[in-house]
Trainee: 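Have a look at this one before I ask anything.
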Amino acid sequence: YKVEKKDFYLLITGIRNFLNVNLSHGYNFGNQVLGRIGEFVLDMKKSLDRGIRVYRTEGTKILFFLDANMYGEEDIADLFNSFRQNLKTGILIDETEVSLDVCGAVIKANSTEIDVNSVYTSAYYALGKIKDENNGDLWFFNDNVGFDKRYNLIKLNTIRNSVTESFKG
């Protein structure tokens, strides 16, 4: 979306306490659960059929990139709630049902000045806070809450990039 200079939403979701699934049923079972989640997410993507990209990152985190010209906050909340409800209802594998709790954070990126890595880092941080606070709701954050905050994000991103490039710049 950044290359295309389109506004987008980043929805990051995480499954709370998935380690318990692995410890209770084994890692092979946990991998089967993740496979079913992947199948469900692909079905969701196909049903929307436009303006959405989905990626699985480390662990149980899933990223949804949504075109802000096609989707609004209510659409994203509906998508999240459908995803959450399906995982909460339970995933059946070999006659064993597993119910999972999902939380999520959304950031709207509507500025080409903000680096995509900064948007991801902010969403990842927000998801961590939601998990820590045991809040299963979906939280919305905007990058346009004020010039000072945007300027601080740009400065932090510049510092982060400098560190990753052997402190050049």
Trainee: What I'd like to find out is whether the side chain of Leu10 reaches to under 4.5 Å of the side chain of Phe64, using heavy atoms alone.
Mentor: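 Heavy-atom side-chain distance check fails, nothing below 4.5 Å.
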Trainee: Check for a donor-acceptor pair, side chain of Ser47 on one end and backbone N or O of Met44 on the other, with a separation under 3.5 Å.
Mentor: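 Yes; judged by distance alone, with no hydrogens or angles, the pair exists.
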Trainee: Any side-chain heavy-atom pair from Lys88 and Leu100 closer than 4.5 angstrom?
Mentor: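 Not in contact.
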Trainee: Side chains of Ile62 and Val54: closer than 4.5 Å at any heavy-atom pair?
Mentor: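 Yes; the side chains approach each other to less than 4.5 Å.
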Trainee: Does Ser82 have any side-chain hydrogen bond (donor to acceptor under 3.5 Å, both in side chains) partners at least two apart in sequence or in another chain, and if so, which?
Mentor: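 Ser82 satisfies side-chain hydrogen bond (donor to acceptor under 3.5 Å, both in side chains) with no residue once adjacent residues are dropped.
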Trainee: Could you pull out the closest heavy-atom pair between Arg53 and Lys45, with the gap in Å?
Mentor: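 Scanning both residues, the minimum pair turns out to be CA-CE, 4.3 Å.
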Trainee: Short question: side chain of Asp67, backbone of Asn69 - any donor-acceptor pair under 3.5 Å?
Mentor: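 Between the backbone of Asn69 and the side chain of Asp67 there is a qualifying donor-acceptor contact (under 3.5 Å).
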Trainee: Quick one, Val106 and Phe80 - any side-chain contact, counting heavy atoms below 4.5 Å?
Mentor: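 A side-chain contact is absent here, since even the closest heavy-atom pair is not under 4.5 Å.
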Trainee: Can you check whether Gly104's main-chain N or O pairs, donor with acceptor, with Thr13's side chain at less than 3.5 Å?
Mentor: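 No, the answer is negative, given that no donor and acceptor are paired below the 3.5 Å cut-off.
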Trainee: Could you walk me through whether Arg56 and Ile37 satisfy the side-chain contact (heavy atoms from CB on, under 4.5 Å) test, starting with their C-alpha distance in whole Å, then the side-chain angles of each, then the deciding distance to 0.1 Å, before giving a yes or no?
Mentor: CA-CA 10 Å; Arg56 179 172 171 240; Ile37 294 169; over 6 Å; no
Trainee: Please give me the minimum heavy-atom distance between Arg50 and Tyr71, naming the atom from each residue.
Mentor: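 So the two residues come closest at O-OH, 2.5 Å.
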Trainee: Are the side chains of Leu11 and Leu79 in contact, using a 4.5 Å heavy-atom criterion?
Mentor: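 Yes, at least one pair of side-chain atoms sits under 4.5 Å.
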Trainee: Where is the tightest heavy-atom contact between Thr60 and Ile15, given as atom of each residue plus distance?
Mentor: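 Nearest heavy atoms, Thr60 then Ile15: OG1-N, 3.3 Å.
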Trainee: Are Tyr55 and Phe65 an aromatic pair by the rule of ring centers under 6.0 Å?
Mentor: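 Yes, they do, as the ring centres are separated by less than 6.0 Å.
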Trainee: For Glu97 and Leu92, work out which heavy atoms get closest and say how close.
Mentor: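 Taking every non-hydrogen atom into account, N-CD1, 3.9 Å.
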Trainee: To check you understand the geometry: which heavy-atom pair defines the closest contact between Glu73 and Phe140, and what is its length?
Mentor: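 Looks like O-CZ, 3.4 Å.
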Trainee: When you look at CD of Glu95, are more than 12 heavy atoms from neighbouring residues, nucleotides or ligands closer to it than 6.0 Å?
Mentor: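 Open.
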Trainee: Considering only residues two or more places apart or on different chains, which pairs with a residue in residues 28-47 satisfy ring-ring contact (aromatic ring centres under 6.0 Å, His included)?
Mentor: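 Only His25-Phe29 qualify under ring-ring contact (aromatic ring centres under 6.0 Å, His included).
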Trainee: Determine whether Tyr125 and Trp139 fall in the same hydrophobic cluster, where Ile, Leu, Val, Met, Phe, Trp and Tyr are linked whenever their side-chain heavy atoms lie under 4.5 Å apart.
Mentor: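 Different clusters.
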Trainee: Rounded to the nearest 0.5 Å, what separation is found between the CD1 atom of Ile91 and the CD atom of Glu39?
Mentor: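 So the CD1 of Ile91 and the CD of Glu39 are separated by 9.5 Å.
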Trainee: Test your reading of the model: is there a side-chain donor-acceptor pair from Asn22 to the backbone of Leu19, 3.5 Å cut-off?
Mentor: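 Pair absent, no side-chain N/O of Asn22 close to backbone of Leu19.
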Trainee: Enter the distance from Leu34:CG to Tyr27:OH here, rounded to the nearest 0.5 Å.
Mentor: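 One finds 12.0 Å between CG of Leu34 and OH of Tyr27.
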Trainee: Can you tell me how far apart CG (Leu127) and CG (Leu63) are? Round to the nearest 0.5 Å.
Mentor: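 Spacing of CG (Leu127) from CG (Leu63) equals 9.5 Å.
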Trainee: To the closest 0.5 Å, what do you measure between CD1 (Ile52) and CG (Leu66)?
Mentor: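 Ile52 atom CD1 to Leu66 atom CG measures 4.5 Å (nearest 0.5 Å).
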Trainee: Can you see which heavy atom on Ile76 is nearest to which on Leu138, and at what distance?
Mentor: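 Scanning both residues, the minimum pair turns out to be O-CD2, 4.2 Å.
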